[in-house]
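The structure follows.
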Amino acid sequence: QVQLVESGGGLVQAGGSLRLTCAASGRTFSSYAMGWFRQALGKEREFVAAINRSGGSTYYTDSVKGRFTSSRDNAKNTVYLQMNSLKPEDTADYYCAASSKLYTATTASGYDYWGQGTQVTVSS
């Protein structure tokens with residue numbers, strides 16, 4: 001069982017930056033790949049980024065490549081999503097998720113545990 005708690009969301013102007021943090025409980029954090037998803041109002045949840053167990057590989061959806069960076073600190077049971085050059089279309093609730101799959105999943109079905117989400121609003 002893994003419990004995930006996101007923080008770091010808020011209101012920011014276009015072009016600004018935010019860093020989301022996801023803190024995980026449990027002593028097996030390093031055995032999970034971690035993902036970030038977002039859901040805008042009236043839209044389906046979409047994949048944003050993922051990072052493998054060691055942190056050596058990351059994956060991003062095309063719309064955030066070059067602007068968002070995911071990293072993790074296994075000693076602190078924490079995963080981060082650094083978001084730069086934010087755009088109004090990045091406005092959404094952001095969720096972190098943990099996957100026990102042997103591969104690093106990029107779809108929601110590949111994740112076993114989810115956080116409660118943190119809201120990100122980017123004003124134009």
Short question: side chain of E6, backbone of Q116 - any donor-acceptor pair under 3.5 Å?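 Here the side-chain-to-backbone pair exists.
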
Looking at Y94 and W36, would you say the former's side chain and the latter's main chain have a donor-acceptor pair under 3.5 Å?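 Absent.
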
At their closest point, which heavy atom of Y95 faces which heavy atom of R45, and how far apart are they? CZ-NH2, 3.6 Å

When you look at CD of Q3, are more than 12 heavy atoms from neighbouring residues, nucleotides or ligands closer to it than 6.0 Å? no

Gap between atom CG of L81 and atom CZ of R38 - 0.5 Å precision: 9.5 Å

Nearest heavy-atom neighbours spanning A23 and T78: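 Between these two residues, the closest heavy atoms are CA-OG1, 4.4 Å.
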
Got more than 12 heavy atoms from elsewhere within 6.0 Å of NZ, K101? yes

Just by modelled atom types, is the S100 backbone N or O under 3.5 Å from a matching donor or acceptor in the D112 side chain?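 Yes; at least one donor-acceptor contact below 3.5 Å.
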
Between G9 and V120, what is the shortest heavy-atom contact and its length? CA-CG2, 4.1 Å

Look at the side chain of N52 and the backbone N and O of T104, then say whether any donor-acceptor pair between them is shorter than 3.5 Å.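 It does not hold such a pair.
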
Would you say the side chain of Y32 lies within less than 4.5 Å of the side chain of S99, judging by non-hydrogen atoms?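 No; the side chains remain at least 4.5 Å from each other.
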
Heavy-atom distance under 4.5 Å between the side chains of T69 and T58, does that happen here?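 Contact flag for T69/T58 side chains = no.
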
Rounded to the nearest 0.5 Å, what separates atom OG in S57 from atom OH in Y103?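 Taking OG in S57 and OH in Y103, the distance rounds to 16.0 Å.
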
For Q82, does its backbone N or O pair with a side-chain atom of R19 as donor and acceptor, under 3.5 Å?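 No, the answer is negative, given that no donor and acceptor are paired below the 3.5 Å cut-off.
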
Minimum-distance pair of heavy atoms, taken over all atoms of L4 and A98: CD1-N, 3.7 Å

Minimum side-chain heavy-atom gap M83-R67 below 4.5 Å: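 The answer is no; the side chains never approach within 4.5 Å.
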
Less than 4.5 Å apart, side chain to side chain, heavy atoms only: is that true for S30 and R53? no

Same cluster for M34 and V2 if Ile/Leu/Val/Met/Phe/Trp/Tyr side chains link at under 4.5 Å?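 In one cluster with M34: V2, yes.
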
Is the W114 to F37 ring centre distance short of 6.0 Å?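 Close enough - the centres of the two rings lie under 6.0 Å apart.
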
Minimal non-hydrogen separation, Y60 against S70, with atom names: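 Nearest heavy atoms, Y60 then S70: OH-N, 2.8 Å.
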
With a 4.5 Å cut-off on side-chain heavy-atom distances among I, L, V, M, F, W and Y, is there a chain of contacts connecting F47 to I51? no

To the nearest 0.5 Å, how far apart are OG in S63 and CD in E89?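 With rounding to 0.5 Å, OG (S63) is 8.5 Å from CD (E89).
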
Side-chain heavy atoms of Y113 within contact of Q1, under 4.5 Å: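 Yes, side chains in contact.
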
Taking a hydrophobic cluster as the set of Ile, Leu, Val, Met, Phe, Trp and Tyr residues connected by side-chain heavy atoms closer than 4.5 Å, whether directly or through intermediates, do V79 and Y59 fall within one such cluster?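 They do not share one cluster, since no chain of ILVMFWY contacts under 4.5 Å joins V79 to Y59.
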
I need the minimum non-hydrogen distance between P88 and S124, along with the two atoms involved.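 Between these two residues, the closest heavy atoms are CG-CB, 3.8 Å.
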
Audit row: C22, Y80, side chain to side chain contact (heavy atoms under 4.5 Å, CB included) steps and yes/no: CA-CA 6 Å; C22 175; Y80 306 97; over 6 Å; no

For V12, the option from T91, L18, T121, D90 that meets side-chain contact (heavy atoms from CB on, under 4.5 Å): L18

